[in-house]
Visitor: 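Provided herewith is a single structure, encoded as structure tokens, for subsequent inquiry.
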Amino acid sequence: MGRARRSTSDSPSALLIGPYDPHCGEFTFLAPPLGVWRLAGVLEAAGIETKVFDPNCCREPPQRALERVLLSGAWDIVGVSTTGMTLRFDLELAHIVRRVTPEAFIVAGGMEATFRPELMFELGPFDLIVLGEGERPLLDLVARRRAGQPLGGIAGTAERNKDGQIIRIPQRALSRDELRDAIYSTPYDKMPYSAYWERLESAYRIGALPSKAAREAHLAEIRSVRLITLNYCPMGCTFCSSTNFLHEAQGSVASLARLEADECLTMIERIVAAHPRVRTIIFQDDIFVFTRDRRILPLCDGIIAAKRSGRIPPNLQFISTNRIDAMTGPRLTAMKRAGFRVLGFGIENFSPGVLGEFNKAQIHRHIEPVLSTALANGVTPFLDLILSSPHAALEDVCQTLREAYRWLRQGCEIGMYPYVIPFSGAMLAKDPSLLPHTHYARRHVAGTDIAWQQPVKILPMDPDVADAILRMERSFESMLGPLERQVAHLPSRLRSLLWILSSLPIMAERGQYIADESEVRGELYARLPPLRPEAAPLAAATA
Ligand code: B12
Ligand code: SF4
């Protein structure tokens with residue numbers, strides 16, 4: 001494997017760098033990177049001085065801030081977190097680490113590193129790649145450095161031998177107790193949520209919102225803290241990478257593990273103590289409620305009791321992502337009473353055929369009744385949709401657009417994506433029959449001459465459907481650009497209306513009616529946040 005240096009001291013120190021997205025906030029809310037913070041907590045608990053560098057929350061350009069941090073200490077290990085979406089930026093930071101501290105032992109971890117260790121060695125200056133959960137491999141790595149032992153052969157890593165071959169050493173997933181201990185170690189008191197909230201509040205220009213109610217609603221959205229209580233989701237959707245993450249690292253099927261109801265409550269109380277201004281806790285589990293779930297009702301009862309006894313604020317709210325086929329009337333009622341105000345559902349598509357292709361045909365019959373019951377209970381469903389699949393027909397796309405519009409008008413929030421993104425590790429990304437329909441983008445790592453072709457879209461095989469989707473995307477982007485210059489922030493519901501608006505003429509040309517154009521525009525204008533004073537007439541952007 002690469003360099004094997006000796007530890008610089010008996011109490012080694014680690015610097016962990018979160019995934020870097022210079023455009024963050026564009027799609028979703030900003031938040032401290034949970035993965036590296038959890039690792040930092042675990043390392044600190046083992047007596048290893050650890051610093052998290054969060055490139056998305058710096059006062060100066062992150063590149064300069066990183067240089068400063070690198071020069072401020074003697075780091076035994078520098079860890080770089082990677083995701084597919086952020087890879088080119090993560091690599092930029094990794095190369096800065098190598099340039100500024102040539103002797104550093106640099107490790108890559110996270111989603112992309114786990115699925116593509118060979119790509120990491122090819123594009124990055126890494127000494128070692130960590131596969132899957134970083135806790136055990138990092139502790140082992142530090143212990144060996146302390147003891148001056150060789151760093152090869154650590155379970156949960158991929159290394160390059162002298163011949164340049166990549167050797168993967170699998171590790172088993174954290175057991176339930178190990179996962180609980182890792183979650184308990186997450187240093188919420190050190191995570192700079194307030195700094196994020198302040199940035200978001202000024203980005204949303206909260207003070208300028210017209211009514212107190214509107215301000216409160218936005219604050220509840222912004223002042224949120226993320227908690228993850230599960231190790232992975234076993235649903236096996238074909239477009240999803242995270243469902244395969246632990247299997248990839250273990251080399252076999254990993255066991256499911258999650259916190260019990262009382263352990264969730266312990267974490268909620270800790271978060272409230274660390275961040276008393278928090279309004280919403282977002283359970284960031286891939287899936288929070290399972291079909292045969294024995295946790296949700298006791299958890300709701302526990303939350304209600306904790307609110308009554310003053311252990312947590314009575315107005316604390318919750319958001320979670322759930323299986324729609326796991327939702328029942330009693331569960332929805334209990335969740336509403338406990339303060340769950342938004343429930344995310346990965347609906348993906350309203351066509352049974354496309355759902356079958358995504359390996360989630362079984363959810364179809366639950367969509368209508370669950371969404372209706374949730375809305376009737378005063379809970380807002382947030383639907384994630386993928387408008388097309390590789391085998392989608394035009395009618396599938398149109399059905400999804402029509403249904404999305406119907407549910408949006410009934411009060412659902414919607415996030416829409418036009419096609420499947422071929423995330424490394426997802427089943428669809430590995431399907432050779434889809435390669436001719438996969439589009440690539442040339443990615444360049446700033447500050448280096450490194451570039452590669454990254455897969456970015458899998459388009460429908462039907463050329464007419466692919467053409468419609470691509471034209472919709474161009475039209476969406478041409479409307480989005482000017483709008484984003486005019487309004488402070490464009491939430492998902494508005495983006496979804498823009499997708500629907502952009503589809504209307506393109507589908508009309510194909511004889512498909514989606515919705516009335518003036519009505520869609522009306523819905524869009526009614527939901528728009530305040531315009532910037534210098535804004536040009538809005539209609540120009542969406543005309
Ligand atoms: C929370 C979350 C978010 C939050 C992020 C909040 C935050 N800053 O923490 C928000 C809502 C902002 C978000 C947004 C998006 N997300 Co997201 N998100 C997640 C989710 C559900 C959980 C991530 C998490 O916190 N996991 C828990 C921690 C503990 O795990 P972890 O980060 O993986 O870290 C562990 C290991 O990976 C490893 N590790 C990680 N880093 C490092 C570094 C080193 C050095 C080492 C040794 C180890 C190591 O050790 C950690 C502890 O065991 C994942 C799904 C998942 N289950 O992971 C998707 C996921 C990461 N998101 C995904 C996507 C696609 C997005 C969006 C693009 C969605 C969109 N279209 O808008 C955006 C992109 C945002 C951006 N700017 O990059 C994809 C990424 C796919 C890929 N292969 O890249 C995922 C995997 C879901 C999926 N399969 O589709 N997301
Ligand atoms: S339900 Fe969500 S997290 Fe689970 S496999 Fe499907 S997309 Fe992935």
Side-chain angles (χ1 to χ4, degrees), residues 27-28 324 342-355 358 360 363-376 378-389 392-420 460 464-465 467-480 483-484 487 489-529 538-539 541-543:
F27 292 110
T28 36
I324 197 154
V342 177
L343 295 182
F345 297 112
I347 302 275
E348 319 308 350
N349 204 283
F350 287 94
S351 147
V354 173
L355 283 176
F358 288 160
K360 52 198 311 181
I363 71 162
H364 189 261
R365 67 192 170 89
H366 299 274
I367 298 175
E368 176 84 42
V370 171
L371 295 186
S372 305
T373 314
L375 287 167
V379 173
T380 305
F382 190 110
L383 321 183
D384 273 312
L385 299 180
I386 305 176
L387 290 177
S388 68
S389 66
L394 195 69
E395 181 47 43
D396 298 321
V397 179
C398 293
Q399 184 182 1
T400 300
L401 286 163
R402 282 186 208 108
E403 285 291 291
Y405 185 54
R406 176 165 82 87
W407 286 111
L408 218 134
R409 295 186 78 201
Q410 292 196 36
C412 292
E413 298 275 342
I414 296 187
M416 250 183 217
Y417 303 94
Y419 37 67
V420 170
D464 185 47
V465 186
D467 178 62
I469 288 286
L470 286 178
R471 281 182 56 199
M472 277 170 58
E473 186 178 37
R474 281 197 294 275
S475 164
F476 170 83
E477 278 165 4
S478 69
M479 287 194 261
L480 184 67
L483 261 183
E484 280 190 327
V487 293
H489 171 81
L490 218 55
S492 302
R493 52 187 167 273
L494 288 173
R495 289 166 176 268
S496 304
L497 279 163
L498 273 191
W499 277 112
I500 293 168
L501 197 56
S502 66
S503 77
L504 301 182
I506 296 160
M507 293 308 179
E509 276 173 30
R510 289 162 170 81
Q512 298 275 354
Y513 174 81
I514 306 295
D516 178 73
E517 186 179 331
S518 57
E519 201 184 79
V520 178
R521 279 183 194 281
E523 295 281 349
L524 181 70
Y525 295 159
R527 290 170 166 87
L528 271 175
L538 180 67
T542 58

Visitor: As an exercise, state the distance from CZ of Arg521 to CG of Asp516, rounded to the nearest 0.5 Å.
Guide: 11.0 Å
Visitor: Excluding sequence neighbours, so at least two apart, what forms side chain to side chain donor-acceptor pair (under 3.5 Å) with Arg365?
Guide: none
Visitor: Mind checking the CD-SG spacing from Glu403 to Cys398? Nearest 0.5 Å is all I need.
Guide: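 Rounded to the nearest 0.5 Å, the CD-SG separation comes to 12.5 Å.
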Visitor: Could you check whether any side-chain heavy atom of Phe358 comes within less than 4.5 Å of a side-chain heavy atom of Ile386, counting everything from C-beta outward?
Guide: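 Yes. Closest side-chain heavy atoms under 4.5 Å.
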Visitor: Which value, rounded to the nearest 0.5 Å, describes the distance between Ser372 atom OG and Gln410 atom CD?
Guide: 6.5 Å
Visitor: When rounded to the nearest 0.5 angstrom, what distance separates CG in Leu480 from CD in Glu477?
Guide: 7.5 Å
Visitor: Does the pair Arg510 and Val397 meet the rule for a side chain to side chain contact (heavy atoms under 4.5 Å, CB included), with working shown?
Guide: CA-CA 12 Å; Arg510 289 162 170 81; Val397 179; over 6 Å; no
Visitor: Under 4.5 Å between any side-chain heavy atoms of Ile414 and Ser492, yes or no?
Guide: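 Ile414 does not reach Ser492 side chain to side chain.
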Visitor: Output the distance between atom CH2 (Trp407) and atom CZ (Phe350), rounded to the nearest 0.5 Å.
Guide: 7.5 Å
Visitor: Any chance you could measure Ser351, atom OG, to His364, atom NE2, to the nearest 0.5 Å?
Guide: 7.0 Å
Visitor: Considering non-hydrogen atoms only, spot the tightest contact between Pro505 and Leu501 and give its length.
Guide: CD-O, 3.6 Å
Visitor: Going by heavy atoms in the side chains, are Met507 and Leu394 under 4.5 Å from each other?
Guide: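 Heavy-atom side-chain distance check passes, below 4.5 Å.
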Visitor: Could you tell me whether Glu368 and Arg406 have a side-chain N and a carboxylate O separated by less than 4.0 Å?
Guide: yes
Visitor: Taking all non-hydrogen atoms of both residues into account, name the closest pair between Ile367 and Ile324 and its distance.
Guide: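 Distance-wise, the nearest heavy atoms are CA-CD1, 3.9 Å.
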Visitor: Set out, in order, the CA-CA distance, both residues' side-chain angles and the distance that settles side chain to side chain contact (heavy atoms under 4.5 Å, CB included) for Val342 and Glu413, then state yes or no.
Guide: CA-CA 9 Å; Val342 177; Glu413 298 275 342; 5.7 Å; no
Visitor: What's the shortest heavy-atom distance between Arg402 and Tyr513, and which atoms?
Guide: NE-O, 2.7 Å
Visitor: Identify the heavy atoms of Pro381 and Leu375 that sit nearest to each other, and give their distance.
Guide: CD-CD2, 3.5 Å
Visitor: Measure the shortest side-chain to side-chain distance between Leu483 and Leu494 over non-hydrogen atoms and say whether it is less than 4.5 angstrom.
Guide: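 Heavy-atom side-chain distance check fails, nothing below 4.5 Å.
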Visitor: Checking Glu473 now: which residues fulfil side chain to side chain donor-acceptor pair (under 3.5 Å) with it, not counting sequence neighbours?
Guide: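 Here the qualifying residues are Tyr419, Lys457.
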Visitor: Check each of Val354, Thr400, Asp396 against Leu387 using the side chain to side chain contact (heavy atoms under 4.5 Å, CB included) test, and report the only one that passes.
Guide: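 With Leu387 as partner, side chain to side chain contact (heavy atoms under 4.5 Å, CB included) holds for just one option, Thr400.
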Visitor: What's the shortest heavy-atom distance between Val520 and Ala515, and which atoms?
Guide: CG2-CB, 3.7 Å
Visitor: Using a 4.5 Å cut-off on heavy atoms from C-beta on, say whether the side chain of Arg527 contacts that of Leu408.
Guide: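 Contact flag for Leu408/Arg527 side chains = yes.
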Visitor: Minimum heavy-atom separation for Gly346 to Ile363, with atom names?
Guide: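 Answer, listing the atom of Gly346 first, then Ile363: O-CD1, 3.8 Å.
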Visitor: Do Met479 and Ser502 have side chains that get closer than 4.5 Å, going by heavy atoms?
Guide: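 The answer is yes, as the side chains (C-beta and beyond) meet within the 4.5 Å cut-off.
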Visitor: Between Phe345 and Leu371, is a side chain to side chain contact (heavy atoms under 4.5 Å, CB included) present by the stated rule, with each step listed?
Guide: CA-CA 9 Å; Phe345 297 112; Leu371 295 186; 4.0 Å; yes
Visitor: Taking the side chain as everything from C-beta on, heavy atoms only, tell me whether Ile469 gets closer than 4.5 Å to Ile506.
Guide: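 They are not in side-chain contact.
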